[in-house]
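A quick write-up on the structure given underneath.
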Amino acid sequence: MKMLHLDWFDGSAFKGVPHRSSDAYEFAALQYAGDGEPDGDRERMIATLKAIIREELTGRQRACLEMRYLKGMKVCDIAAELGILPPTVCKHLKKARARIAKVMRLSFPRLRGGGGNVQ
C-alpha cells in the first residue's frame, strides 16, 4: 500500500475543478484516497471531509475556505467581502488546512506519514 501525504491541500488541487461543492469534495476525496482505492473509502472520505468543514472549523475559517476553494475567489476579494485584511484570510486558510489535515490523519491511519505519528 502506498503512503499518502496531505501536502496537496494548498489549493492547487482544486485548479480546473468546476466550482460546485459536490465536484470539489469529490475531487478532494480522490486526492486523499489516491488512484485505485475502493469507492467505499472515497465515499467515507467525502463524508469525513464535509463533516470536518462543517464541525471542526470556525465560521470564519469555513467562509474563507469555501470562498477560496469552492468559489475560486482571490484572497484580496475574500478579504474585501469579509471586511478583513488579506493576511488574515491567509491565516484562516492555513489554520483550516492544518485542521483538515490533522483530522483526516486521525480518521484514516493510512494517511499518516513516517512511523504513523500524527503531525
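Along the sequence shown, the residues carry numbers beginning at 1.
- Looking at Met67 and Asp77, their side chains never come closer than 4.5 Å, going by heavy atoms from C-beta outward.
- With contacts defined as side-chain heavy-atom distances shorter than 4.5 Å, the pair Leu65/Ile100 qualifies.
- Across every non-hydrogen atom of Cys76 and Pro86, the tightest pair is CA-CG, 4.4 Å.
- Side-chain contact between Leu82 and His92 is absent, with no heavy-atom pair separated by less than 4.5 Å.
- The two residues Thr48 and Met104 have their closest heavy-atom pair at CG2-SD, 3.7 Å.
- When the side-chain hydrogen bond (donor to acceptor under 3.5 Å, both in side chains) test is applied to Arg99, the partners found at least two apart in sequence or on another chain are Glu56.
- Of all heavy-atom pairs between Gln61 and Ala96, the closest is CB-CB, 4.0 Å.
- Between Cys64 and Ile78 the shortest heavy-atom distance is O-CD1, 4.0 Å.
- Under the side chain to side chain contact (heavy atoms under 4.5 Å, CB included) criterion, Lys91 pairs with Lys95, sequence neighbours left out.
- In this structure, the side chain to side chain contact (heavy atoms under 4.5 Å, CB included) partners of Ala51, at least two apart in sequence or on a different chain, are Arg54, Glu55.
- Remark: Lys94 engages Arg97 in a side chain to side chain contact (heavy atoms under 4.5 Å, CB included) (not counting sequence neighbours).
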